[in-house]
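Just so you know, these numbers come straight off a predicted model, no measurement behind them. If you read the sequence from its start, that first residue is 1, and numbering goes on from there.
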Amino acid sequence: MSKPRVRFAPSPTGALHIGGLRTALYNYLFAKKMGGEFILRVEDTDQTRYVPGAEDYILEALEWTGLELDESPKKVGAYGPYRQSERKGMYAEFGHRLVENGWAYYAFDTTDELDAKRLEIETNGGTFSYNVHTRGSLKNSLTLAESDVKQLLDSGADFTIRLKCPADEIIYVNDIVRGRVEFQSNLLDDKVMLKSDGMPTYHLANVVDDYHMKITHVIRGEEWLPSTAHHVLLYRALGWENEMPIFAHLPLILKPAPASYINNKTVDGLAEKFTSEFFKKHSDYKHKSQEQVKQMIRGILVDVENISSRVQIKPKDKEDKILIKEFLKSTLFGKLSKRDGDRLGFPVFPLSWQGEKADDSFVGFREVGFDPKALLNFLAFLGWNPGTEQEIFSLEELVEAFSLEKIGKSGARFDYEKAKWFNKQYLINGDNAEIASQLKPLIAAKGWNADDATLETLAGLFKERSTFLKDIPDMATYIFSNDFKYDEKNARKKWKSQHAEKNHALVSILENTDDFSAANLETVIKGFIEENELGFGDVMSPLRIAVSGLGGGPSLFDILALIGKEKTVERLQKGYAYFESLQS
Ligand code: GLU
C-alpha cells in the first residue's frame, strides 16, 4: 500500500471543539503509525459562516498540542492550496461535468417556488425533500424541454446543480469503525453541489479536494456519516470510484453522566441555572411560573438514579411538561456541546476563545492549566482503547499502539474528573527540572525569589499534591511569605502546654544548628524527640502549623530547609507563643 495521506478538514466557523481536536489526533496517530502524511485543509467555502481568527485558532491549538502537520496553509506541499477559498476556481468544472454525465441536473426553482411546493406537501402531512420522488414535478433540466433549459441558461437565470440520486438502490460504504453501512437511495435528497453563486457546497468541494489531494483515508466525526452516501455517489459519478478513500467515522463525544455532577450540593444551583436557560430559550412560556418550573426541574434532577426515565415523554404528559422535559433531555443527554462547559464548569475547547458576541467566549484547557500531553492522552481514550490496562501513553506510544480497528462504535462519555486525573499523572511523573523551569515565571510573577535548586525542590515536594502545575505556587505560598493564617482548630488541639517548655527548647537548638539541610534537620529533630521521650506528633504537629499554618503538607524537614533558619526560628517563636495563648 502507498503511504496513507489523511486530512483534518475543519471549517473555520469558530473555536475548535475538543471533538474536532480528537478527530485531528486520530488522523495524526493513524498517519504517523503508517508512515504517512497528516494534512490540514481549511474548508472555508461558506463565507457566511466564516469567523475571523478561527483558522489561526485551529493552527495554534494543533501547535500547542504538538500534532505536527506535514502540509497546511502555512506549510504548503505538492497538493495546495490548502484553503478551499483559494481553490474555488476548480470546483465549478466538476459540477458541470456531473450534469454532462447525467449524474446531476440544473435546478431553476426559486425560493418562492420551493416554499410553495413544501407547503403543498406539508399540508398533505408529508415532509418536503428535493429527491427522486419530487424532482419530476419541480423546475429543473429533467422536467423542462432542452430548449427551455438552454434559454434559461443563456439568459443568465439563477440555477443550482443538484446530484441526481439513483432510484431503488442500496448505496453502501465499508466503514472501518462501523462495518458495512447501507443507505436506501430513495431516501436520499438530491443535494446541491454547486450553488447559484457558482460556489460549491461542502460535499462537492470535499470530494473534489480529497481526490486531488490524494487522500487515502477519511477519518471524521459520526455526524458526517449520512453525507457519505452522497460522497460515494460522487466518486462514482466523477469516475473516481477506484480512488475512493477508506472511511472511518468516529463515535460521538457524549455529555458527562448526570450522576457524575448532580448531588445534594449541586442540585439547587443546577435547577436554578437550567430554569434560567429554559426561560431564555422559551421566553413566551406562560404555563408555569419561574418558581414552579424550577421546582419541577429540581424534582427531576434530585432523583438522579432514575433521571433518564424521568425525562422520557409519556403519553399523558401535558404540553407544558413536554417542553420542560424536552429541554432537560437535550441539556442532560446526547452530544457534548460547547455550552456544557459553561454550564457544568469545565473547558470543552483546547484554548480560550473570545468571539465577537458576549456569549461566545470560552475558557480553554490550556488556560485552566492542562499539560497538552495529558489532554491528548485523555482525548485518545474518548473512543479508542488499546485493549490493555495501560492508560498513560506518550504521543509516541499512542502512535505505536493506535489502530483504527480499535475505535469503538458507541458514543464516548466525556468525564472531566478523568481529564484532571490524566493531568495529575503527568505532573507526578514529570521531570522536576522541567516543572521547575515552568514554575519559574509563575513564582517570579508572585514577586518571590527562588533559585533553580529551590524551584526543583518545590516541584518535587508539591507536585504530588497538585492537579495542575499552576496549583504549586499557591500551595507553596508559606515557603516565601509569612502572610498566612493558622489552622486554629488544629493548633488548639495539637499544642500541649505540658510540652511547651521542650518545644521552646527545640527552637533554641534549631537556632544554633548551622547545617540547616533537610537531612541534618531530620537527625536533629528526631534525636531531640527521642531524647526527651516525646511523641512524634507532640513536636512535629505544632512545628508544621507554626511554619505553614497547616496541619498537613509535604515532608516537614524539606520544608524547614527551604524556609531557612532565620524565618523558621522567627515563625516558631511567634507561633508557639500564639498557640500557648489559645490554651487560656
Ligand atoms: N468541513 C467539515 C467539518 O467541518 C469536514 C468534514 C470532513 O472531514 O469531511 O468538519
If only side-chain N and O atoms count, and only distance matters, is there a donor-acceptor pair under 3.5 Å linking [Y] with [X]?
X      : Y      : result
His249 : Arg178 : no
Tyr426 : Asn377 : yes
Ser11  : Glu43  : no
Arg220 : Ser227 : no
Asn520 : Ser517 : no
Ser85  : Asp44  : yes
Thr48  : Asp46  : yes
Thr454 : Asp451 : yes
Arg571 : Asn482 : yes

State, to 0.1 Å, how close [X] and [Y] come at their nearest heavy-atom pair, and which atoms those are.
X      : Y      : answer
Ala476 : Leu458 : CB-CD2, 3.9 Å
Leu25  : Leu376 : CD2-O, 3.5 Å
Lys75  : Leu69  : NZ-O, 3.2 Å
Gly408 : Val177 : O-CG1, 3.5 Å
Ser352 : Gly364 : OG-N, 3.0 Å
Arg22  : Leu382 : NH1-O, 2.8 Å

Taking the six-membered ring for Trp, are [X] and [Y] ring centroids under 6.0 Å apart?
X      : Y      : answer
Phe365 : Phe346 : no
Phe414 : Phe378 : yes
Trp353 : Tyr57  : yes
Tyr79  : His212 : no

Geometric cation-pi criterion Arg180 and Tyr172, 6.0 Å radius, 45° cone
yes

If you draw the axis of the six-membered ring of Trp421, does the NZ or CZ of Lys424 fall within 45° of it and under 6.0 Å from the ring centre? no

Take atom [atom1] of [X] as the centre, draw a 6.0 Å sphere, and report whether it contains more than 12 heavy atoms from other residues, nucleotides or ligands.
X      : atom1 : result
Glu223 : CD    : yes
Gln390 : CD    : yes
Arg49  : CZ    : no
Glu488 : CD    : yes

Looking at [X] and [Y], would you say the former's side chain and the latter's main chain have a donor-acceptor pair under 3.5 Å?
X      : Y      : result
Ser260 : Pro256 : no
Asn432 : Thr457 : no
Lys470 : Val368 : yes

Ring pair (Phe, Tyr, Trp, His ring centres under 6.0 Å) filter on Trp224, not counting sequence neighbours, yields Tyr202

Contacts of Phe327 meeting ring pair (Phe, Tyr, Trp, His ring centres under 6.0 Å) (sequence neighbours excluded), chain-then-number -> Phe278

- Item | Arg5 vs Glu71, salt bridge (charged side-chain N to carboxylate O under 4.0 Å, His left out): CA-CA, chis, key distance, verdict | CA-CA 10 Å; Arg5 288 175 54 80; Glu71 296 167 29; 2.7 Å; yes

For the residue pair Asn206 and Val218, establish whether any side-chain heavy-atom pair is separated by less than 4.5 Å. no

Quick one, Thr467 and Leu427 - any side-chain contact, counting heavy atoms below 4.5 Å?
no

Residues pairing under ring-ring contact (aromatic ring centres under 6.0 Å, His included) where one sits in residues 429-482, two or more places apart or in two chains, turn out to be Phe370-Phe468, Trp448-Phe480

side-chain contact (heavy atoms from CB on, under 4.5 Å) test vs Thr331 passes for just one of Lys281, Arg343, Glu326, namely Arg343

Should the ring pair Phe38 and Tyr28 be called parallel, tilted or perpendicular, given that the plane angle runs from 0 to 90° and is split at 30 and 60?
perpendicular

